[in-house]
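Take a look at the structure below.
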Amino acid sequence: MTERPAPAEIVDRTAALRAQIEQANYCYHVLDEPEITDADYDRRMRELEALEAEYPVLASPDSPTRKVGARAQGGFAEVRHQLPMLSLGNAFEQDGDGERERFREVAEFERRIEQMLDRREPVFSVEPKLDGLAISLRYERGVFVQGATRGDGETGEDVTANLRTVRAIPLKLRGKGWPDVLEVRGEVIMLRKDFEAFNEYARAHDEKPLANPRNGAAGSLRQLDPAITAKRRLSFFAYAIGAVEGGTLPSTHSATLQQLREWGFPVSPEVDTARGFEGLIAYFRRIGAKRDALPYDIDGVVYKLDDYAGQREMGFVSRAPRWAIAHKFPAQEQTTRLLDIEIQIGRTGAATPRARMEPVQVAGVTVTYATLHNADQIARLDVRVGDTVIVRRAGDVIPEVVRVIQDQRPAGTVPWVMPTHCPICSSALIREEGAAAWRCSGGLICAAQRKEALIHFASRRAMDIEGLGERFAEALVELDIVHTPADLYGLSVDDFVDMKRRIDERDGTTPETVKAGKVATKWAENLVAGIAGSKRVTLARFLFALGIMHIGESTAKTLAAWLGRLDFVRSTPAPVLRVLPDIGGEVATSIAGFFAQEGNQQVVDALLAAGIVFSDEATPSPLLRERLNLGVLLDMAKINKLGPKSCKLLAQHFPTLDQLLTGGSAHWITAGVPQAAASGLENFLAGPLALAELRSAEAAMQRLLEAVPVTAVVAQAPLAEQTIVLTGTLTSLSRDEAKERLEALGAKVSGSVSKKTSFVVAGEAAGSKLDKAHELGVAVWDEAQLLALLKEHEVG
DNA sequence: ATACCTCGAGTTCG
DNA sequence: CTCGAGGTAT
């Protein structure tokens, strides 16, 4: 075969790829600071391999395709591997339908073996692909004599001294029958728990934490001082053998691993055998499902033809064996281009920047947006429009921008600045003092805020309007059919049908309309029924639905439980609200401020007029009697020099404001109040505004106390004083349901575990909260115990 | 003043 | 789920 010359652009591309790969190798292997994602690296390597295969004239002995890894940094002696350490070909998931299509590379790998060996469904030894550092251990007459990193596959670094400190590596082989010379290959890794422990220690001692467990393993192994390596707990798993002299090994890989186990090497318990393509994919799925639960990080699985005779027959292509392949999980990190930084306006007006990106597959889903949190975060990352960025879907589900690849920044980019005006309503964006967040000052003028407010109002935990999802809430606001939530209750079936027609027209989705006519009517009827059905609510849900800043579910419940009726909530001034538990200055001001707005009061009136009724309005809590008196109000006013003791004293002698005022400074002092406190109070009362506020607070207090029932029937709830935390998935009831039923029994259901927690109910797959419970010595119940408890106390 | 503890708010995709 | 900030106990 004659070698055809390569076009100039191919020559250039090849050179560029080699340079990039070389640079990446250096960063990854020598500096332990990866510059590009593994996915990118693999992509480039494959492109280069393809080009070199197509144009053999371009092949060169110093191409990165001929070696794995880069030259070692000084400090360790070089070790030449007696048998080279292999690298494996990779298989990734492809686009397409059906397993054979999506796992095409695995299917081809398996079929090639079937054809070359003329065997149906060959047996494979299968194992997880650990994300650590590959090493080779040499044993002579059963004694560990040398250990080396893989290096470029031919030559590695002598890290014997460090490896001796790894407990999982046997210094002497157990049992007998081992060959005179035995090379064992495997992976040095750091277990997740050891990684966490190290970082916790590092943070506490102001040392640099490790980026990930792989870096932990690599970095620890190349410490020049073995004492440091010893302090970092490393683990080891064996997965292959190298040179063997003066002895024999079993004839299959799986049997060899078993033999290694007997000689004292850790072999991953996930190692198994599988038959044919179907067996490989089943294993891939099984390990994938277990991935997060494994004690170490893995980036895929490895399939090896089990019998050595077959392996010899298959042989190698360049450096990679044809009898083994690494099947990688979809990458957790990807690079993509940042197209724009958009501003999102939340329900409270919070302006959150988010990145719009070239859509990219990350860990199995297409990611287009990632939050950038706030302006500070953008500045920290120095993200600019046009940048190439690394996105990740880490532990949880939310995509995030990890960092910018500075090298690939196009010319002419500028640092991003927060816009000065809301992109939706053009009102000014303002930043509260000391706060991280910018807010749109538009309030209800802003369609974005109205939209989010409506979505919140209709949401499951608020008014729970069935059928009113985000999409329609958005349309209702955009078409200005609904301006405030109260408008919802005046809408008819026809209005909704009309709205749907307008949306369809606008979106150009008309073809369905004719036959959809009937469907649309049905849908509108459901929606109207859903809205009507939401009219009867608990006071707490209603208060939560209003979307008052700082008022979440919990605070709404507190308000409802203590004040009992909407009238009181909407008319109680801030100083009185502050006596309620968990309500301080900020929250009280927020509530009173909300109802001080005429427009908000009108919306509430309109809702009541539309037929909202409360299923649980009650009298204010009798506990108010103990909490609410003039002394407390004085204390809340934070009067200069006037402490809680003086306040209490004053209230005892002068139960009303009038009595206090007629008494005057001299009487206060006779009552036992210090001179300084008395003059502080005098100065305070001299301000006309302060006095007016106190008067209105006192009036509100009186109204409340008058409404408190005289006969205090305080039935002790069975679970009063209990704080319970639910975690994991419960099988026989939802978490919300469990919460509701426990609260009905008087318990407090909290979201986080602390030493105040009475007990934790752990369902299936309970996570960090369960660990925390163990750590703090908090009792842990299972679902059966919870059910028994509910059954015991619930009536009926 | 300080150290916890808890709640609220925001977040992406299917 | 996680972070920040508000509230309370010390």
Side-chain angles (χ1 to χ4, degrees), chain A residues 292 330 336 342-357 359-374 376-377 380 391-401 432-440 448-449 451-453 455-456 459 461-462 469-471 540 543-559 574 577-591 627 635-636 638 644 723-729 735 739 748-758 765-772 776 778:
Chain A
D292 290 339
T336 185
E342 299 174 354
I343 297 294
Q344 232 185 186
I345 304 294
R347 167 168 70 85
T348 61
T352 320
R354 67 171 183 180
R356 186 164 61 82
M357 297 162 302
V360 63
Q361 287 286 120
V362 187
V365 305
T366 311
V367 169
T368 317
Y369 291 102
T371 180
L372 292 166
H373 297 113
N374 53 50
D376 293 344
Q377 171 84 351
R380 204 159 35 240
V391 282
R392 166 171 67 185
R393 252 165 49 109
D396 54 354
V397 203
I398 314 290
E400 60 176 346
V401 173
E432 283 149 47
E433 222 151 306
W438 290 74
R439 297 199 122 80
C440 165
Q449 289 186 52
K451 183 182 101 191
E452 297 299 328
I455 291 168
H456 172 75
S459 68
R461 310 178 93 94
E470 268 187 46
R471 211 171 102 71
L543 292 173
F544 175 56
L546 291 177
I548 306 167
M549 247 222 262
H550 297 126
I551 309 305
E553 273 186 296
S554 176
T555 312
K557 277 179 190 159
T558 305
L559 287 170
L577 291 172
R578 282 194 57 176
V579 308
L580 306 187
D582 302 328
I583 294 182
E586 196 74 23
V587 176
T589 316
S590 172
I591 299 165
R627 288 208 174 217
D635 196 17
M636 296 286 169
K638 289 240 157 79
T723 302
I724 301 164
V725 174
L726 304 173
T727 183
T729 315
R735 219 192 287 191
K739 178 175 174 181
K748 195 167 156 55
V749 178
S750 167
S752 50
V753 181
S754 74
K755 57 181 182 235
K756 290 185 187 169
T757 307
S758 313
S768 61
K769 287 186 219 173
L770 183 57
D771 301 340
K772 180 108 189 225
L776 295 173
V778 171

### Task
Could you tell me the separation between the CD1 atom of A/Ile591 and the P atom of C/dG6, rounded to a whole number of Å?
14 Å
### Query
Counting only side-chain N and O atoms of A/Gln344, is one of them less than 4.0 Å from OP1 or OP2 of B/dG10?
no
### Query
What is the distance from NZ of A/Lys755 to P of B/dA3, rounded to the nearest Å?
13 Å
### Message
Taking the minimum atom-to-atom distance to the side chain of A/Lys748, which one of B/dT12, B/dC7, B/dG10 wins?
### Response
B/dC7
### Message
Atom CD of residue position A/Glu342 - does it have more than 12 heavy atoms of other residues, nucleotides or ligands inside 6.0 Å?
### Response
yes
### Query
Should A/Val391 and A/Val360 count as side-chain neighbours, where that means a heavy-atom distance under 4.5 Å?
yes
### Task
Compare the minimum distances between each of B/dG10, B/dC7, B/dC5 and the side chain of A/Ser554, then state the nucleotide with the smallest one.
B/dC7
### Task
Counting heavy atoms from C-beta on, name the nucleotide in C/dG7, B/dT12, B/dC7 closest to the side chain of A/Thr555.
B/dC7
### Task
Using whole Å, report how far CD1 of A/Ile548 lies from C1' of B/dC7.
15 Å
### Task
For A/Lys557, report the nucleic acid contact type (base, sugar-phosphate, nothing); a contact means any heavy atom under 4.0 Å.
nothing
### Summary
Across all chains, not counting sequence neighbours, the side chain to side chain contact (heavy atoms under 4.5 Å, CB included) partners of A/Thr723 are A/Lys748, A/Ser750, A/Ser758
### Query
What is the distance, rounded to the nearest whole Å, between atom CD of A/Glu586 and atom P of B/dT6?
21 Å
#### Entry: Below 4.0 Å: OP1/OP2 of B/dA9 and any side-chain N or O of A/Arg347
yes
### Whole-Å gap separating P (C/dG7) and CZ (A/Arg627)
14 Å
### Message
Output the rounded distance in Å from CZ (A/Arg439) to C1' (C/dA5).
### Response
11 Å
### Residue list, salt bridge (Lys or Arg N to Asp or Glu O under 4.0 Å) with A/Arg578, at least two apart or on another chain
none
### Query
Atom CG of A/Leu559 and atom P of C/dG7: how far apart are they, to the nearest Å?
12 Å
### Task
Return no unless some side-chain N or O of A/Ser752 is found under 4.0 Å from OP1 or OP2 of B/dC7.
no
### Query
Of all heavy-atom pairs between A/Val401 and A/Ala370, which one has the smallest distance, and what is that distance?
CG2-CB, 4.2 Å
### Query
Can you find a pair of side-chain heavy atoms, one from A/His550 and one from A/Thr555, that are under 4.5 Å apart?
no
### Query
Taking the side chain of A/Ala350 as its heavy atoms from C-beta onward, which of B/dT6, B/dG10, C/dT8 lies nearest to it?
B/dG10
### Message
As a test of reading the structure: which of C/dT8, B/dT11, B/dC13 is closest to the side chain of A/Asp582, going by heavy atoms?
### Response
C/dT8
### Query
What's the closest nucleotide to the A/Val587 side chain, out of B/dG10, C/dG7, B/dC13?
C/dG7
## Note on the structure
From the candidates B/dT12, B/dA9, B/dC7, the one with an atom nearest any side-chain atom of A/Ser750 is B/dC7
### Message
For a quick test of reading the model: is some side-chain N or O of A/Ser754 closer than 4.0 Å to OP1 or OP2 of B/dT6?
### Response
yes
### Message
When you measure from the side-chain N and O atoms of A/Thr352 to the phosphate of B/dG10, is any distance below 4.0 Å, counting only OP1 and OP2?
### Response
no
### Query
In terms of side-chain heavy atoms of A/Val367, which of B/dT11, B/dG10, B/dC13 is nearest?
B/dC13
#### Entry: Gap between atoms CD and P, on A/Gln449 and B/dG10 respectively (whole Å)
10 Å
